[in-house]
Amino acid sequence: MNFENRIQKYNSSLTDNDKKITRYLLANKASIRDKTIIDLSEEIQVSPASITRFCKKIDFNTFQQMKFSLIGNSTENRKSDHTFEKVYNYYQTIIKSTQEFFSEEQTSRIVKLILNKNKVLFCGIGNSGLIAHEFNSRIYRMGIASESVTDAHDLLMKSSLLQENDLLICFSNSGKTKPVIDSAKIAKNNNVTIIVVTNFEQTVLSELADEVILISSYKYIDDPKFINSQIPGLFLLDLLTYKLLNNEDLMHARQKTLDAIHKYS
């Protein structure tokens, strides 16, 4: 797992000192290649022991291992004067980074949950709501009973009507979106199975989940002009859609909906 993903994964356990180290390392990737732990401790104004503890906390065995991971990722995000190449590189970086969070076993579990539940409710606010709508649009065309909701009041009401054999899939990059958290609490009280798609593992929302799917954050792209927060979620959707359509009944149902549309196009 690359440096940025580790920071994202272990974010909730990082102290202020750890975050100070993180900020320095992310801002000075290219210059740390030849620096020792003593050099960095003097520049960041923390003790060498603090840097060693930081490396262990984000699951690196040694300082050198952490440094090589950071340097390697820096070379992948190479600078370019050409906008097309630059944005293409950002896409490549985000997809590769998000892939590190997934496993074949987890995506198979998610597909099984979707197939075995009576109804699926997708929810999200803002940009996360766009992902919720897109996933719903895909699976109801496969004949799966589903709905998406992005309005806070509708979300609370519809969550209250979910039953034990239903599935709630929540999209929230921060894991702190209050209407989504509140709807998950309501669903939890109804013994509904909850899946959370988020950037961070240890949040109030993720603690309510039966399954947490981590996706990469675009914020680790060091370019304020690049603001696409939907790529990781869409990558996940493509993986799950592909696996769902291995089911012949779902593929047949999708083809029927396509045929119906083509008659009027």
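Keep in mind that this is a model prediction, so the values were computed, not measured.
- Counting non-hydrogen atoms of neighbouring residues, nucleotides and ligands closer than 6.0 angstrom, the NZ atom of Lys35 exceeds 12 such neighbours.
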Can Asp18 and Thr15 be said to form a side-chain hydrogen bond (donor to acceptor under 3.5 Å, both in side chains), step by step?
CA-CA 5 Å; Asp18 294 329; Thr15 63; 3.1 Å; yes

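- Residues Cys170 and Ile194 share a closest heavy-atom pair of SG-CG2, 4.3 Å.
- A donor-acceptor contact shorter than 3.5 Å is absent between the side chain of Thr177 and the backbone of Val180.
- Leu205 and Gly175 make their closest contact through CB-O, 3.4 Å (heavy atoms, listed as atom of the first residue, atom of the second, distance).
- Scanning all heavy atoms of the two residues, the minimum distance from Ala184 to Leu208 falls at CB-CD1, 3.8 Å.
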Ile139/Phe122 under side chain to side chain contact (heavy atoms under 4.5 Å, CB included): CA gap, chis, key distance, verdict
CA-CA 11 Å; Ile139 76 165; Phe122 298 98; 3.5 Å; yes

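- Using a 4.5 Å heavy-atom threshold, the side chains of His133 and Ser137 count as separate.
- Using a distance-only test at 3.5 Å, with no hydrogens or angles considered, a donor-acceptor pair links the side chain of Ser41 to the main chain of Ile38.
- Under a 3.5 Å cut-off, the side chain of Asn190 and the backbone N or O of Ser160 do form a donor-acceptor pair.
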Start with the C-alpha distance between Lys158 and Asp166, add both sets of side-chain angles, then the distance that settles salt bridge (charged side-chain N to carboxylate O under 4.0 Å, His left out), and finish with yes or no.
CA-CA 12 Å; Lys158 290 179 180 179; Asp166 294 332; over 6 Å; no

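- Between Arg6 and Lys9 there is no side-chain heavy-atom pair separated by less than 4.5 Å.
- One finds the OG atom of Ser159 at 13.0 Å from the NZ atom of Lys185 (value rounded to the nearest 0.5 Å).
- A distance of 12.5 Å separates CD1 in Ile21 from NZ in Lys19, rounded to the nearest 0.5 Å.
- A donor-acceptor pair under 3.5 Å links the side-chain atoms of Ser174 to the main chain of Lys176, judged by distance alone.
- The 12-atom threshold is not exceeded at CD of Gln163, counting heavy atoms of other residues, nucleotides or ligands nearer than 6.0 Å.
- Ring geometry, Phe60 versus Phe3: the interplanar angle falls under 30°, so the pair is classed parallel (tilted spans 30 to 60°).
- Judged by distance alone, the side chain of Thr198 and the main-chain N or O of Asn173 form a donor-acceptor pair under 3.5 Å.
- Both Val120 and Phe171 are members of a single hydrophobic cluster when ILVMFWY side chains are connected at heavy-atom separations under 4.5 Å.
- A heavy-atom distance below 4.5 Å is found between the side chains of Gln8 and Phe200.
- When side chains are defined from C-beta on, Phe63 does not count as touching Thr36, because their heavy atoms never get closer than 4.5 Å.
- Of the possible polar contacts, one joining the Asn89 side chain to the Glu85 backbone as a donor-acceptor pair under 3.5 Å is found.
- In this structure the side chain of Thr22 never reaches within 4.5 angstrom of the side chain of Leu25, judged on heavy atoms.
- A donor-acceptor pair is defined here as one N or O able to donate and one able to accept, closer than 3.5 Å; no such pair exists between the side chain of Thr150 and the backbone of Gly124.
- Between Asp249 and Arg254 there is no salt bridge, since no side-chain N of the basic residue sits under 4.0 Å from a carboxylate O of the acidic one.
- Scanning both residues, Ile58 and Met66, for their nearest heavy atoms gives CD1-CG, 4.4 Å.
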What verdict does the side chain to side chain contact (heavy atoms under 4.5 Å, CB included) test give for Leu121 and Ile169, after you've listed the backbone C-alpha separation in whole Å, the side-chain angles of each residue and the deciding distance to 0.1 Å?
CA-CA 6 Å; Leu121 179 64; Ile169 300 183; over 6 Å; no

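- Phe101 pairs with exactly one of Asn5, Asn199, Leu236, Ile215 by the side-chain contact (heavy atoms from CB on, under 4.5 Å) rule, that one being Asn5.
- The shortest heavy-atom contact between Ile125 and Ala152 is CD1-N, 4.3 Å.
- Note that CG of Asn247 is 12.0 Å distant from NE2 of His252, once rounded to the nearest 0.5 Å.
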Apply side chain to side chain contact (heavy atoms under 4.5 Å, CB included) to residues Asp223 and Lys86 and explain how you reach the verdict.
CA-CA 10 Å; Asp223 188 337; Lys86 188 179 293 186; 3.9 Å; yes

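- Taking CD of Glu211 as the reference point, atom CD1 of Ile195 lies at 6.5 Å (rounded to 0.5 Å).
- Counting heavy-atom neighbours within 6.0 Å of Lys112 NZ, excluding the residue itself, gives a total of 12 or less.
- Taking CG of Asn11 as the start and OG of Ser13 as the end, the distance is 8.0 Å to the nearest 0.5 Å.
- Residues Thr193 and Leu168 form no side-chain contact, since every pair of their non-hydrogen atoms from C-beta on lies 4.5 Å or further apart.
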In sequence, state the C-alpha distance, the side-chain angles, and the governing distance for Lys188 and Glu207, and then conclude on salt bridge (charged side-chain N to carboxylate O under 4.0 Å, His left out).
CA-CA 11 Å; Lys188 196 74 172 177; Glu207 288 174 0; over 6 Å; no

Report the C-alpha separation of Val149 and Met157 in whole Å, then their side-chain angles, then the decisive distance to 0.1 Å, and conclude whether the side chain to side chain contact (heavy atoms under 4.5 Å, CB included) test is met.
CA-CA 10 Å; Val149 57; Met157 290 188 289; over 6 Å; no

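- Annotation for Leu161: atom CG counts as buried by contact number, over 12 foreign heavy atoms lying within 6.0 Å.
- The two residues Ile37 and Pro48 make their nearest non-hydrogen contact at CD1-O, 3.6 Å.
- Ionic pairing of Glu134 and Arg138 is present here: one or more N-O contacts between side-chain nitrogen and carboxylate oxygen are shorter than 4.0 angstrom.
- Side chain of Asn165 to backbone of Lys117: no donor-acceptor contact under 3.5 angstrom is found.
- Linking ILVMFWY residues whenever their side-chain heavy atoms come closer than 4.5 Å, directly or via other members, leaves Tyr242 and Ile213 in distinct clusters.
- Of the possible donor and acceptor atoms, none in the side chain of Gln65 sits under 3.5 Å from a partner among the backbone N and O of Cys55.
- Residues Met251 and Leu258 fall into different hydrophobic clusters, defined by Ile, Leu, Val, Met, Phe, Trp and Tyr side chains chained together at heavy-atom separations under 4.5 Å.
- Under the 4.5 Å side-chain heavy-atom criterion for ILVMFWY residues, no single connected hydrophobic cluster contains both Ile261 and Tyr140.
- Judged purely by atom type and a 3.5 angstrom limit, Asp151 uses its side chain to pair as donor or acceptor with the backbone of Asp154.
- Atoms OG and CG, from Ser229 and Leu130 in turn, are 8.0 Å apart once rounded to the nearest 0.5 Å.
- Under a hydrophobic-cluster definition in which Ile, Leu, Val, Met, Phe, Trp and Tyr are linked whenever side-chain heavy atoms come within less than 4.5 Å, directly or via other members, Leu113 and Leu245 are assigned to the same cluster.
- For the pair Val111/Leu240, a side-chain contact is recorded, criterion being any heavy-atom separation below 4.5 Å from C-beta on.
- Ionic pairing of Asp182 and Lys178 is present here: one or more N-O contacts between side-chain nitrogen and carboxylate oxygen are shorter than 4.0 angstrom.
- Inter-residue side-chain proximity for Leu244 and Leu115 is flagged as met; some heavy-atom pair is nearer than 4.5 Å.
- A salt bridge links Lys243 with Glu104: at least one charged nitrogen is closer than 4.0 Å to a carboxylate oxygen.
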